[in-house]
There are 2 protein chains.
Amino acid sequence: MLFNSYLSTMAFQKERSAGYLANQMARLFAKGLHERIRPLGLAPAQFMTLLALWDEDGISQSELVRRLDVEQATMANTLTRMERDGLIERRANPDDGRSQAIHLTPTAKALRDPATQAARAQNETALADFSEGERQAFLALMRRAIAAMHKG
Amino acid sequence: MLFNSYLSTMAFQKERSAGYLANQMARLFAKGLHERIRPLGLAPAQFMTLLALWDEDGISQSELVRRLDVEQATMANTLTRMERDGLIERRANPDDGRSQAIHLTPTAKALRDPATQAARAQNETALADFSEGERQAFLALMRRAIAAMHKG
DNA sequence: TATCATTGCATAGCATGCTATTCAACAGCT
DNA sequence: AGCTGTTGAATAGCATGCTATGCAATGATA
């Protein structure tokens, strides 16, 4: 078939692939954020986890997994590094012997302002020449792509 | 200052952060692509590398680094796994004892069509309900964010 | 109550990425 | 030729993510 042979021989151009661009963009965001929060002793996944804990301290690992949409094993490893770095404590949950409450240390609480400012600065760098309308449109398109991949 | 204290106490909402959404979107793209190309014996970074080699076989590692915009160490490790999996061969470059020409195996050449179809399918899943105009706009916005982060 | 399924978490193993370091080969110059 | 700086690659070490397992604590039920 003409259509199939066209598809088969047409070059796959990475600059026109949403997935390729998404990967490159996410790596640049992560790299930029990491540079900005490294002086605070934080790494990107730790910052993301802290966002949830600054919002509500003392939640369980499984609740963090739900809120941040990462796999349980990923979160377990991130929490281990955060505990090692003195950012969180795992406390026993008196109501359920399986779960532990994740609590912020004073150190982690003190990082809230500088860390969120750093993240805002990174977003601002990426969207520097975007109009307000373009920013909203961009966020909306990303949310739609995320929702579409969650479904199918 | 009012402005600063507003910034300091305003919640950082991850759903409104371009970087957070970019990370989540890229992970979903990678996961979906991985599921689709796993039956072919490929992983996402291997596919990305194959894209460059299908376009031009026999280029050097440093050229791959330039074309794919990843760090040299990352590419070296990806190539080692691809060699292990029988996708490429490293051949000596007669003109320069430092560099090696990366050549595709017949196996890798045969994967071009099914792998690019899989990637197209993943992009289609993500952008299923996007109009053609929205697709173009989305790609353009991502390219601009990438360019902005490359600069600053 | 004894059994079976579910839930919360840890661990193993692997792929991607990054930074930092090291080394050999090359290139340019004196 | 001999230095010196540059370039191409490999390696070490670490953070993120994922899948697959395993295990103990709970819950549900016959």
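Each chain gets a letter, A, B and so on, in the order its sequence line appears, and its residues count up from 1.
Taking the side chain to side chain donor-acceptor pair (under 3.5 Å) definition, one finds that A/Glu89 meets it with A/Arg91, sequence neighbours left out.
Between B/Asn77 atom CG and D/dA12 atom C1' the separation is 10 Å, expressed in whole Å. Taking atom CD on A/Glu71 and atom P on C/dC14, their separation rounds to 19 Å, with Å as the unit. Regarding A/Asp95, its CG atom lies at a distance of 13 Å from the C1' atom of D/dT26, rounded to whole Å. Taking atom CG of residue A/Leu33 and atom P of nucleotide C/dG17, one finds them 18 Å apart after rounding to whole Å. Remark: P of D/dT16 and CG of A/Leu79 are 11 Å apart, rounded to the nearest angstrom. Distance CD (B/Gln72) to C1' (C/dT19): 11 Å, rounded to an integer number of Å. Rounded to an integer number of Å, the gap from A/Arg27 CZ to C/dT19 C1' is 15 Å. Spacing between atom CZ of A/Phe29 and atom P of C/dC18 amounts to 16 Å, rounded to whole angstrom units.
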Open item on the list: If you apply the rule side-chain hydrogen bond (donor to acceptor under 3.5 Å, both in side chains), what do you find for A/Gln61 with A/Gln100, and how did you get there?
Closed with: CA-CA 7 Å; A/Gln61 180 184 129; A/Gln100 294 169 305; 5.7 Å; no
TODO: Check step by step if salt bridge (charged side-chain N to carboxylate O under 4.0 Å, His left out) holds for A/Arg120 and A/Glu124.
DONE: CA-CA 6 Å; A/Arg120 274 187 242 277; A/Glu124 186 52 43; over 6 Å; no
Open item on the list: Working note: B/Asn23 + B/Arg27, criterion side-chain hydrogen bond (donor to acceptor under 3.5 Å, both in side chains); need CA distance, chi angles, decisive distance, verdict.
Closed with: CA-CA 6 Å; B/Asn23 171 275; B/Arg27 284 191 288 118; 3.0 Å; yes
- [ ] Quick one: do A/Leu111 and A/Trp54 satisfy side-chain contact (heavy atoms from CB on, under 4.5 Å)? Show the steps, please.
- [x] CA-CA 10 Å; A/Leu111 292 173; A/Trp54 286 324; 4.2 Å; yes
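A close approach under 4.0 Å does not occur between any side-chain nitrogen or oxygen of B/Arg98 and OP1 or OP2 of C/dC23. Of the side-chain N and O atoms in B/Arg38, none sit less than 4.0 angstrom from OP1 or OP2 of D/dT19. Regarding contacts with the backbone of D/dA10, a side-chain N or O of B/Arg90 is found under 4.0 angstrom from either OP1 or OP2.
Within the 6.0 Å centre-distance limit, the rings of A/Phe47 and B/Phe12 are counted as a close aromatic pair.
Within 4.0 Å of B/Asn93, counting heavy atoms only, lies no atom of the nucleic acid at all. Within 4.0 Å of A/Ser99, counting heavy atoms only, lie sugar-phosphate atoms of the nucleic acid but no base atom.
Map A/Ala101 and A/Lys31 each onto its nearest nucleotide of DNA chain C; the residue landing nearer the 5' end is A/Ala101. When each of B/Thr74 and A/Asp96 is assigned the nucleotide of DNA chain D with its nearest heavy atom, B/Thr74 is the one assigned upstream, toward the 5' end.
Contacts of residues 41-70 of chain A with DNA chain D (heavy atom under 4.0 Å): A/Ala43, A/Pro44, A/Ala45, A/Gln46, A/Val70.
Salt bridge A/Arg38/A/Glu35: absent, no basic N to carboxylate O contact under 4.0 Å.
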